Peer 1: 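Can you keep this structure in mind? I'll have questions shortly.
The structure presented is a predicted model; accordingly, all values stated were derived computationally and were not measured.
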Amino acid sequence: MTNETSPARRVMLIAAGAALLAGAACFFAGLATSPPEVDETKASYLRSLAADPFTTQLSALLLHYGNLLMGAGLLAVPLLVRGRRGAVLTVVGALAGALGLLQMSGALLSDWFHMEIGRNLPIEQAVLVSDKVLAHPAEQLAFNPGPLVSLALLVTFIGLARAGVVGWWTVPAVVVGYAGMLFMPYDTPILPAVGTLPMLAAMGFAGWRVLGRSRVAGGQPVLSPVAAG
């Protein structure tokens, strides 16, 4: 038995690949079930969460597990790289991306907090409390990596594409998907959910490749990696 054929390695690769696929699906479902917002103001956001507690909690739960599963699964992605080409980019991007996604999973607790202050306080006071909580630098550092996550994912897929593990289509897919999530209107939640599909497709494809690598760990040969480009 070698490290490549270790049963533990195979189990961890299967778990990581499944986590990436399930996480992408949960993230899409979480966006699609987000309470609709009338406009982009904080008051509208709080009203939307307070208006439908069931949908708010369902969406937050799905987004929490979406970020959590993708963050955990991303840690196995560097194992797809065989040689030096693209290795450093993939490792750095995957580690930073995993950290950012795990941080964002914890940030979903704020949806319950915002839902309750929206239901129990005058809207002006609720907005003031929310702004004060979220203005703390330590809170920003702990739970709001923001665009750094998209940058880390971009670096990860550039590394994977350079290594020939995935096609170069995954690189613009990350950019287009993140832009779709940011700029699609949230008055119709299915739109940002659909907008993020290119990025989620890249994550899911990476998960499929990790599952394929688990066959090697189980002693079953697989075909050559996806050609870059």
Side-chain angles (χ1 to χ4, degrees), residues 13-34 59 61-81 86 89-102 104-105 108 145-186 188-215 222-229:
L13 286 171
I14 292 173
L20 285 169
L21 290 166
C26 285
F27 194 88
F28 175 85
L31 282 181
T33 56
S34 299
S59 174
L61 190 66
L62 289 167
L63 288 171
H64 164 72
Y65 279 109
N67 284 306
L68 183 67
L69 289 169
M70 287 191 293
L74 201 62
L75 290 171
V77 166
L79 297 177
L80 295 172
V81 179
L89 288 174
T90 304
V91 169
V92 172
L95 289 175
L99 178 62
L101 288 168
L102 293 172
M104 289 174 65
S105 71
L108 268 300
L148 292 178
V149 174
S150 63
L151 178 60
L153 293 179
L154 189 63
V155 170
T156 302
F157 281 96
I158 290 174
L160 290 174
R162 281 179 54 82
V165 175
V166 301
W168 281 99
W169 66 267
T170 57
V171 176
V174 171
V175 176
V176 172
Y178 191 75
M181 182 175 63
L182 286 182
F183 299 116
M184 287 291 186
Y186 277 78
T188 309
I190 191 62
L191 293 180
V194 171
T196 199
L197 275 177
M199 179 171 64
L200 297 179
M203 295 291 284
F205 186 69
W208 181 83
R209 295 290 294 140
V210 172
L211 287 175
R213 185 56 53 84
S214 72
R215 295 175 58 196
V222 282
L223 299 177
S224 59
V226 175

Peer 1: Which heavy-atom pair separates Pro198 from Gly195 by the least distance, and what is that distance?
Peer 2: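 Between these two residues, the closest heavy atoms are CD-O, 3.3 Å.
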
Peer 1: Quick one: does any side-chain atom of Arg209 pair with a main-chain N or O of Val165 as donor and acceptor, under 3.5 Å?
Peer 2: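 Judged by distance alone, yes, a pair lies under 3.5 Å.
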
Peer 1: Could you give the distance from CZ (Phe27) to CG (Leu63), rounded to the nearest 0.5 Å?
Peer 2: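 Answer rounded to 0.5 Å: 5.5 Å.
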
Peer 1: Could you give the distance from CG (Leu69) to CG (Leu20), rounded to the nearest 0.5 Å?
Peer 2: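 Leu69 atom CG to Leu20 atom CG measures 9.0 Å (nearest 0.5 Å).
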
Peer 1: Give, for atom CG of Leu101 and atom CG of Leu68, the distance between the pair rounded to the nearest 0.5 Å.
Peer 2: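 Here the interatomic distance stands at 9.5 Å.
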
Peer 1: Between Thr90 (side chain) and Leu160 (backbone), is there a donor-acceptor pair under 3.5 Å?
Peer 2: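 Flag set: sc Thr90 to bb Leu160 pair under 3.5 Å.
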
Peer 1: Starting at CE of Met104, measure out to CG of Leu148 and round the result to the nearest 0.5 Å.
Peer 2: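 Output value for this atom pair is 11.0 Å.
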
Peer 1: Check the pair Arg162 / Trp168 against side-chain contact (heavy atoms from CB on, under 4.5 Å), numbers first and verdict last.
Peer 2: CA-CA 8 Å; Arg162 281 179 54 82; Trp168 281 99; 3.7 Å; yes

Peer 1: With side chains defined as the heavy atoms from C-beta onward, is the minimum distance between Leu200 and Met70 less than 4.5 Å?
Peer 2: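 Of all side-chain heavy-atom pairs linking Met70 with Leu200, at least one is under 4.5 Å.
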
Peer 1: Any side-chain heavy atom of Thr156 sitting closer than 4.5 Å to one from Leu89?
Peer 2: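 No; the side chains remain at least 4.5 Å from each other.
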
Peer 1: Are there over 12 heavy-atom neighbours, none belonging to Tyr65, within less than 6.0 Å of that residue's OH?
Peer 2: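 Open: at most 12 neighbouring heavy atoms sit under 6.0 Å from OH of Tyr65.
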
Peer 1: Looking at every heavy atom in both Pro192 and Pro185, which two are closest together, and how far apart are they?
Peer 2: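 Closest approach of Pro192 to Pro185: CD-O, 3.4 Å.
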
Peer 1: State the CZ-CE distance between Phe28 and Met203, to the nearest 0.5 angstrom.
Peer 2: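 So the CZ of Phe28 and the CE of Met203 are separated by 16.0 Å.
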
Peer 1: Just how far is it from atom CG of Leu108 to atom OG of Ser59, taken to the nearest 0.5 Å?
Peer 2: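 It comes to 7.5 Å.
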
Peer 1: Using side-chain contact (heavy atoms from CB on, under 4.5 Å), reason through Leu99 and Leu102 one step at a time and then give a plain yes or no.
Peer 2: CA-CA 5 Å; Leu99 178 62; Leu102 293 172; 5.7 Å; no

Peer 1: Are any non-hydrogen side-chain atoms of Ile158 and Val155 less than 4.5 angstrom apart?
Peer 2: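 No, side chains not in contact.
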
Peer 1: Would you name the heavy atoms of Gly71 and Ala98 that are closest together and state the gap between them?
Peer 2: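 In this case the closest contact between Gly71 and Ala98 is O-CB, 3.2 Å.
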
Peer 1: Minimum heavy-atom separation for Ala18 to Leu211, with atom names?
Peer 2: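 For Ala18 versus Leu211, the nearest heavy atoms are N-CD2, 4.0 Å.
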
Peer 1: So does Leu79 get a backbone contact from the side chain of Arg213, meaning a donor-acceptor N/O pair under 3.5 Å?
Peer 2: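 Yes, because the side chain of Arg213 sits within donor-acceptor range (under 3.5 Å) of the backbone of Leu79.
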
Peer 1: Backbone N or O of His64 within a donor-acceptor pair of the Ser105 side chain at under 3.5 Å?
Peer 2: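 Not a single qualifying donor-acceptor pair exists.
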
Peer 1: Considering only heavy atoms from C-beta outward, does the side chain of Leu153 approach that of Leu74 to under 4.5 Å?
Peer 2: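 Yes. Closest side-chain heavy atoms under 4.5 Å.
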
Peer 1: If we only count heavy atoms from C-beta on, is the Ile190 to Leu31 side-chain gap below 4.5 Å?
Peer 2: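 No - every pair of side-chain heavy atoms lies 4.5 Å or more apart.
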
Peer 1: Work out which heavy atom in Tyr186 is nearest to a heavy atom in Met181; give both atom names and the distance.
Peer 2: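 Minimum heavy-atom separation between Tyr186 and Met181: OH-O, 2.8 Å.
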
Peer 1: Tell me the closest heavy-atom pair linking Ala206 and Leu80, and the distance in Å.
Peer 2: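 Heavy atoms only, the tightest pair is O-CD1, 4.1 Å.
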
